[in-house]
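See structure below.
In what follows, chains are A, B, ... by sequence order, proteins preceding strands, each numbered from 1.
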2 protein chains.
Amino acid sequence: MVDAPETARPKRADARRNEQAVLDAAAALFVSGGVDVPVRDIATKAGVGMGTVYRHFPTRADLVVAVYRHQVESCAEAGPALLADASSPKAALAEWVDLFVGFLVTKHGLASALRSDEGSAALHTYFLDRLLPVCADLLAAAANAGEVDPDVSAYELMRGIGNLCIGADTDPRYDARRLVRLLLAGLAPTGAS
Amino acid sequence: MVDAPETARPKRADARRNEQAVLDAAAALFVSGGVDVPVRDIATKAGVGMGTVYRHFPTRADLVVAVYRHQVESCAEAGPALLADASSPKAALAEWVDLFVGFLVTKHGLASALRSDEGSAALHTYFLDRLLPVCADLLAAAANAGEVDPDVSAYELMRGIGNLCIGADTDPRYDARRLVRLLLAGLAPTGAS
DNA sequence: TGCCAACCGGAACATCGCTCCGTATGGTGA
DNA sequence: TCACCATACGGAGCGATGTTCCGGTTGGCA
């Protein structure tokens, strides 16, 4: 689990090439067909065998993580920046959540894959590892500022947001962003009235 | 789609018997294994062939609908009653939503199956046909009373609630009921502050 | 009792995830 | 330059599941 020792022999050239080909094929198919596209299709599009796909990415989740790693990273990095720049912690939280929602709804089926349902555990874990601390910081800052009720955990909030984003594509009558806004509004201390 | 003409010849006795057996088997398996239990298992448990299951219930959704029809009906009927009895329309809405959430979270995988994702379209349709008007009435009453902002459709609200219930079983850290409460709180006119 | 439409059962086909192993090849040391 | 072998490849194959199809069975009526 720790970093591989730097003495690790570099991978063979064909291996590196194939890994990239799979990554590219997966990225393309994810856009057009969602993250549930059959592994066979990815292998075919990449011009490799299925064994090769599974060797480089033991589970579908590993592949999804690899494809979206950059975007998740930048979403994670945006958290502290927003907190520093925004007019209030709650505003920062709202902006960050909007970023997160935007990321989820544009990736067909990603939100669905995020529910822990064993199988995509690695995906779930990665998202949580990377984004939960960011969300927790924003939430804590807002709570400290008295702008939100501190009785909801960041975990619960993130899962709720993720769930609200399920099926947000493919259904014009369903606007996940609006519902997420409502959820955030509900975080206001002691509600309204 | 209209009622079958009453001139329809009654089904054969064995057909009726088998339909009931499938229904019973499905109900039992849904409780223990969720609504995604393999059709083969249902057929085996009911002591019939798979062809029989598919003949009586062309899609899994039809079977799910048949199994839960009574509970959906009583949930639908509770709406007007709550509106008549509760102290305020918003309170009635909250109680009814709680009823709905309770129904969803206790049926493993039902909430997941509810997202329109073609395949369980019949399920989605049935729930919407039956419950959406009820929810819409409650929502409209609350809006008329000035207790909620009228800019969210009942459809959106129901889908949001359904989504929030996904995975609510199987994860002790995730309390769908609390998040749904937050969502409802967010409906308060012009927010808090 | 005999007939036939309705109904049954489960084999068969299709899809998909994942594994396994015989084969091919990149890179290295001689 | 060449031979060797660890590394990597490819895709057949297995198990699970959804769904269809058709030959055989049977309930209900004349």
For the pair made of [atom1] in [X] and [atom2] in [N], what is the distance, rounded to whole Å?
X        : N       : atom1 : atom2 : answer
Arg40(B) : dG15(D) : CZ    : C1'   : 11 Å
Phe57(A) : dC18(C) : CZ    : C1'   : 16 Å
Asp41(B) : dG15(D) : CG    : P     : 17 Å
Lys11(B) : dC29(D) : NZ    : P     : 17 Å
Arg55(B) : dT26(D) : CZ    : P     : 14 Å
Tyr54(A) : dA12(D) : OH    : P     : 16 Å
Ile42(A) : dG11(D) : CD1   : C1'   : 16 Å
Asp36(A) : dG17(C) : CG    : P     : 8 Å

Heavy atoms from C-beta onward define the side chain here; which of [options] lies closest to that of [X]?
X        : options                   : value
Asp14(A) : dC8(C), dG11(D), dG26(C)  : dG26(C)
Ala15(A) : dA8(D), dG17(C), dA12(D)  : dA8(D)
Pro38(A) : dT19(C), dT17(D), dC16(C) : dC16(C)

Quiz item: Do Ile166(A) and Tyr174(A) have side chains that get closer than 4.5 Å, going by heavy atoms?
Solution: no

Quiz item: If we only count heavy atoms from C-beta on, is the Phe30(A) to Ile42(A) side-chain gap below 4.5 Å?
Solution: yes

Between [X] and [N], does any side-chain N or O lie under 4.0 Å from OP1 or OP2?
X        : N       : result
Asn18(A) : dA8(D)  : no
Arg12(B) : dT26(D) : no
Thr52(A) : dG10(D) : yes
His56(B) : dC8(C)  : yes

Quiz item: Taking for each residue the nucleotide of DNA chain D bearing the nearest heavy atom, is the 5' side occupied by Arg16(B) or by Val48(A)?
Solution: Val48(A)

Practice problem: Map Arg17(B) and Thr59(B) onto DNA chain D by nearest heavy atom, then report which one ends up closer to the 5' terminus. | Solution: Thr59(B)

Self-check item: Test: Arg69(A) cationic atom under 6.0 Å from Tyr126(A) six-membered ring centre, within 45° of axis
Solution: yes

Practice problem: State plainly whether one hydrophobic cluster holds both Val37(B) and Met50(B), where clusters connect Ile, Leu, Val, Met, Phe, Trp and Tyr through side-chain heavy atoms under 4.5 angstrom apart. | Solution: no

Exercise. Considering non-hydrogen atoms only, spot the tightest contact between Arg60(A) and Val39(A) and give its length.
Key: NH2-CG2, 3.9 Å

Quiz item: Contact class for Arg60(A) (heavy atom, under 4.0 Å): base, sugar-phosphate, or nothing?
Solution: sugar-phosphate

